[in-house]
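Single-structure report; data block below.
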Amino acid sequence: MGSTGGDEPRTYDVEAAQVKWQQFWERNATFQADRNSTKERRYVLDMFPYPSGDLHMGHAEAYAMGDVLARLWRMQGYEVLHPIGWDSFGLPAENAAIKMGEHPAKWTYGNIETQKTSFKRYGLSLDWTTELHTSDVGYYKWTQWLFAQFYKRGLAYRKNSFVNWCPKDQTVLANEQVVGGLCERCHTPVTKRRLSQWYFKITEYAQALLDDMEQLEAGWPERVLAMQRNWIGRSVGAHVDFVIEGHATPVTVFTTRPDTLWGATFMVVAPDSELADAICADSARAAFEAYLERVKQSSEIERQSTEHEKTGVDLGVYAINPVNGERIPVWAADYVLAEYGTGAIMAVPAHDQRDLDFARKFGILVRPVIDTGEVDPRESGVATTGDGVYINSGPLDGLADKKSGVAKAIELLEAQHTGAAAITYRLRDWLLSRQRFWGCPIPVIHCPNCGEVLVGDDQLPVELPDLRGDDLAPKGVSPLAGAAAAAWRNVPCPNCGAPAERDTDTMDTFVDSSWYFYRYLSANDDTQAFNPAEVRAWMPVDQYVGGVEHAILHLLYMRFFAHVLHDLGLIDFNEPMQRLLNQGQVINQGKAMSKSLGNGVDLGTQIDAYGVDAVRLTMVFASPPEDDIDWADVSPASSLKFLQRAYRLATEVTSAPDADVSTGNLELRRVTHRTIKAITELVAMGRFNVAVARIMELVNATRKTLDADARSGADPAVREATQFVAQALSLVAPYVAEEMWELLGYAPSIANSHWPEPDAALLGNETVVMVVQVQGKVRAKLEVPDGLTEAEATEVALADPAVIRALDDRPIAKVIVRLPKLVSIVPQ
RNA sequence: GCCCGAGUGGCGGAAUGGUAUACGCGGUCGGCUCAAACCCGGCUGGUGGGAACACCUUGGGGGUUCGAAUCCCCCCUCGGGCACCA
């Protein structure tokens, strides 16, 4: 009980409030968006969850953040759509199904029920009427339809090449899913396999994806944009053709330094490229094949290691340097990648460290062509890469900077038709096939006569067959290629009727998640993937919220999808997410929570102990949204204490709901309106932790007013302050906010209340604290009436004893006045 | 190696050119209590001083400015991303 005592209940029953308001919101469809609304619309989107079990601390933080904005915008009078669904295809379900001898759907949809209950308890302002599951036939039919659109446009194709293979999950992986040479999901070292696989031609959009980042600069975190730029990896340089002795077609290399061509003393091709095989001399064949075998055995990690000693083999052929006619040897070495550029490079050992290391190991000629004034690379073993004067470079000799050297070299190559300016990207096409069952089947039939045949729109969906348990166990190929799926797989060719087979791979689940936010807008429409009119009405998304771990996965893929959908004429924008918030992680004792460390914190236990409101408040208040929260550093118990303290204000308000606020305590009213202004701005800027601090200050100020005078409970200013405390609090602590709202005598729900505008007349102050500096040091803090003139302020400042003492009779050189709060005096 | 971001009390953090350390945690002293928990209130960057007060303090060094945590240059440390990418 509080020190002032009283008969009314002074705290709220956390558990009872949670049950009561959940029911209320559900019954009244409080958070259901009105599709026919005439209000301005806002679309708040959280990255949809994978139904892995129950809601955990990480979800709790992410969803708390999105809800703050959704709730603010709703109260500000926008029609807010805040949907939710399930990214319900994926490997964990399949693994669980194998273990239990079940169908993956059972595990998946069971988890969804559990998680859904937790979501509802968590008090999020979600519209459940558009709930979707990517594993529902009604959804994945349209994933297949979209694949077909991509295919028809030439953006989905199959090719045979070395691909990333996870030996544990027994499936291929996209480049984006290989992190440091390990499988993103299970951390097994990734190996290479040669397979025919489906790809999306994301490389065709490399430049567009770079260019359109300009639109995102205002609303996306800089680090995400940087990561995407880095990942796309644009390099500007030139293509140069080298004739190979004894071969008709020249080999093209890509280089960023065509100006160093005169120093190219050998050429290197990737051992696992077709090119190496094609040009290898008979005399070198045996050595080459032994080397290739060795390269294939080594893991990605080994190969990528910077410590890795250079290896390679002489292919026994010579190339002709197009600028000086010099014969240079051609080597195969694994430091050249088959997939990047053309799979072949010109090596300039004097000015590239990798080439220098290689040349020194194998005794190949090193010839500097730029004199940078540094030690000769032949002596130092350190390649020089800076600007300098060109030497040994024919027509470039005497030039002194890289820029003109590069330009001159390209001009020369173009004139003799042996090369041209070129741009290369690091980004590779998106490998979308997966050798697993619980995913969206690729709607293609392979016919011995007709080849690849796309399943017609009228034949969609291609439904998954009913496989379970051991049928799904990894056998090196997709379960859909196994005996149990024979009946599903063997179908007549839609073209010629001959016996044919369905494609047995399923799509990467990132395909599913690249378009779910369009589907929310017409989730139950079985005539189209999404309704263009609804997309026009609601999109782009105003705020997207999710983890930064998707910076170059989902967030790149969904951008690519949007570009294609735009080119297909299905949407009229390129960038679907205007603002992006990457919330931090919840960690414990400095480390990510994990089972092996045993430092996990269970969300359900926290909620049972402190309530939803306190947990959410803790999440939001602990740090800026994008920073990690260490649960060891926070105190949900004190969050609850604060909520009870706020609640208590409402129990002490005795004025009528329609009381005339203009008669209220002016000081408190000023604090309230300043707080309204500050919180409105802070929340809009995503500075939620600071906004909460402001709520706390308003609670403190209101408490002081109440404690100062026993009659303050009847003061309408106290009601006004408390009312705003409830509204601001409702952004993070919706249950206690509803309780307060009811106690104040207003009709629920507070979520539909009108967010106040600050009264401009109340933003000023009668008096302000004016700081007086002498030589930049604060010498006095004076309480003066607001609205002094500069001359008056100066006069008051110079009269202050502390200021006089600090001036010590020195004459004044300058006085700078910044009204209303500062006077800076500069003595001579 | 390249690219981003960050360094502020014992801790999370606030202040983005104008009162450094808001708000909270922790601590401490006091009130309530037979007692304790809860709750309520005060104090809480450092050094010197009995006090008034003075000086110092935003990773380090330099600069711009009447005034710098904030802007500029150099360096250090930490976190993240990419990485034999030609």
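Predicted model only: the values in this text are computed from it and were never measured. Below, chain A is the first sequence line, B the second, and so on; all start at residue 1.
Here the side chain of Tyr291(A) pairs a donor or acceptor atom with the backbone of Thr311(A) at under 3.5 angstrom. No donor-acceptor pair under 3.5 Å is formed between the side chain of Glu61(A) and the backbone N or O of Gly58(A). At least one donor-acceptor pair closer than 3.5 Å links the side chain of Glu792(A) to the backbone N or O of Thr789(A). In terms of modelled atom types and a separation under 3.5 Å, the side chain of Arg810(A) and the main chain of Leu807(A) share a donor-acceptor contact. The backbone N or O of Ala264(A) lies less than 3.5 Å from no partner atom in the side chain of Arg367(A), so there is not a single donor-acceptor pair. Using a distance-only test at 3.5 Å, with no hydrogens or angles considered, a donor-acceptor pair links the side chain of His351(A) to the main chain of Thr384(A). Side chain of Asn321(A) to backbone of Leu261(A): a donor-acceptor contact under 3.5 angstrom is found. Distance alone, capped at 3.5 Å, places no donor-acceptor pair between the Thr418(A) side chain and the Asp241(A) backbone.
The base of G1(B) lies outside donor-acceptor range of the side chain of Gln353(A), with no N or O pair under 3.5 Å.
Considering only side-chain N and O atoms, Lys814(A) lies under 4.0 angstrom from the phosphate OP1 or OP2 of C66(B). A sub-4.0 Å separation between OP1 or OP2 of G24(B) and a side-chain N or O of Asn700(A) is present. At least one side-chain nitrogen or oxygen of Arg648(A) sits closer than 4.0 Å to the OP1 or OP2 atom of C40(B). Dashed line: the shortest gap from a side-chain N or O of Arg426(A) to OP1 or OP2 of C3(B) is not under 4.0 Å. For the OP1/OP2 pair of A86(B) and a distance below 4.0 Å, the side-chain nitrogens and oxygens of Tyr340(A) include at least one atom meeting the criterion.
Comparing G13(B) with G45(B), their C1' atoms sit 15 Å apart, to the nearest whole Å.
Glycosidic conformation of G9(B) is syn; the angle stays within 90° of 0.
Nucleic acid contact class of Val771(A) (heavy atoms, under 4.0 Å, all strands): base. Within 4.0 Å of Arg818(A), counting heavy atoms only, lies at least one base atom of the nucleic acid. Among the protein residues, Ser824(A) comes within range of the nucleic acid bases, having at least one heavy atom under 4.0 Å from a base atom. Residue Asp357(A) is classed as having no contact, given no heavy-atom separation below 4.0 Å to the nucleic acid. Within 4.0 Å (heavy atoms only), Thr424(A) reaches no atom of the nucleic acid at all.
The salt bridge (charged side-chain N to carboxylate O under 4.0 Å, His left out) pairs that include a residue from residues 255-271 of chain A are Arg257(A)-Asp259(A), where partners are two or more places apart or lie in different chains. Note on residues 677-686 of chain A: pairs passing side chain to side chain donor-acceptor pair (under 3.5 Å), not counting sequence neighbours, are Lys677(A)-Glu681(A), Thr680(A)-Trp755(A).
The interatomic distance linking Leu822(A) (CG) with A68(B) (P) rounds to 12 Å, in whole Å.
Each of Gly776(A) and Val769(A) was matched to the nucleotide of RNA chain B holding its nearest heavy atom; the match closer to the 5' end belongs to Val769(A).
Checked for salt-bridge contact, Glu217(A) and Arg229(A) meet the test: a charged N lies under 4.0 Å from a carboxylate O. In this structure, Arg703(A) pairs ionically with Asp707(A), as a charged nitrogen and a carboxylate oxygen lie closer than 4.0 Å.
For the strand RNA chain B, secondary-structure stems (runs of at least three Watson-Crick or G-U pairs, all distances below 3.5 Å) span B:1-7 with B:76-82, B:10-12 with B:23-25, B:26-31 with B:39-44, B:45-48 with B:53-56, B:59-63 with B:71-75.
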Please write out each protein N/O paired with an N/O of nucleotides 9-15 of chain B under 3.5 Å, distance rounded to 0.1 Å.
{"residue": "G12(B)", "atom": "O2'", "partner": "Ala622(A)", "partner atom": "O", "Å": "2.5"}
{"residue": "G13(B)", "atom": "O3'", "partner": "Asn689(A)", "partner atom": "ND2", "Å": "3.4"}
{"residue": "A14(B)", "atom": "OP1", "partner": "Asn689(A)", "partner atom": "ND2", "Å": "3.2"}
{"residue": "A15(B)", "atom": "OP1", "partner": "Arg687(A)", "partner atom": "NH1", "Å": "2.5"}
{"residue": "A15(B)", "atom": "OP1", "partner": "Arg687(A)", "partner atom": "NH2", "Å": "2.8"}
{"residue": "A15(B)", "atom": "OP2", "partner": "Arg687(A)", "partner atom": "NH2", "Å": "2.8"}

Every protein N/O within reach of nucleotides 45-55 of chain B N/O, cut-off under 3.5 Å:
{"residue": "C55(B)", "atom": "OP1", "partner": "Arg779(A)", "partner atom": "NH2", "Å": "3.2"}
{"residue": "C55(B)", "atom": "OP2", "partner": "Arg779(A)", "partner atom": "NH1", "Å": "3.3"}

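A heavy atom lying under 4.0 Å from RNA chain B marks the following residues of residues 635-644 of chain A, by number: Ser638(A), Lys641(A).
Distance from the side chain of Val778(A) is smallest to A20(B) among C84(B), C23(B), A20(B). Of the candidate nucleotides G67(B), A86(B), A22(B), G67(B) has the atom lying nearest to any side-chain atom of Gln773(A). Between C66(B), C84(B), U19(B), one nucleotide has an atom nearer to the side chain of Tyr335(A) than all others, and that is C84(B). Closest to the side chain of Ile345(A), from the set A86(B), G41(B), G18(B), is A86(B).
Using bins of under 30°, 30° to 60° and over 60° for the plane-to-plane angle, the ring pair Phe362(A)/Phe358(A) lands in the tilted bin.
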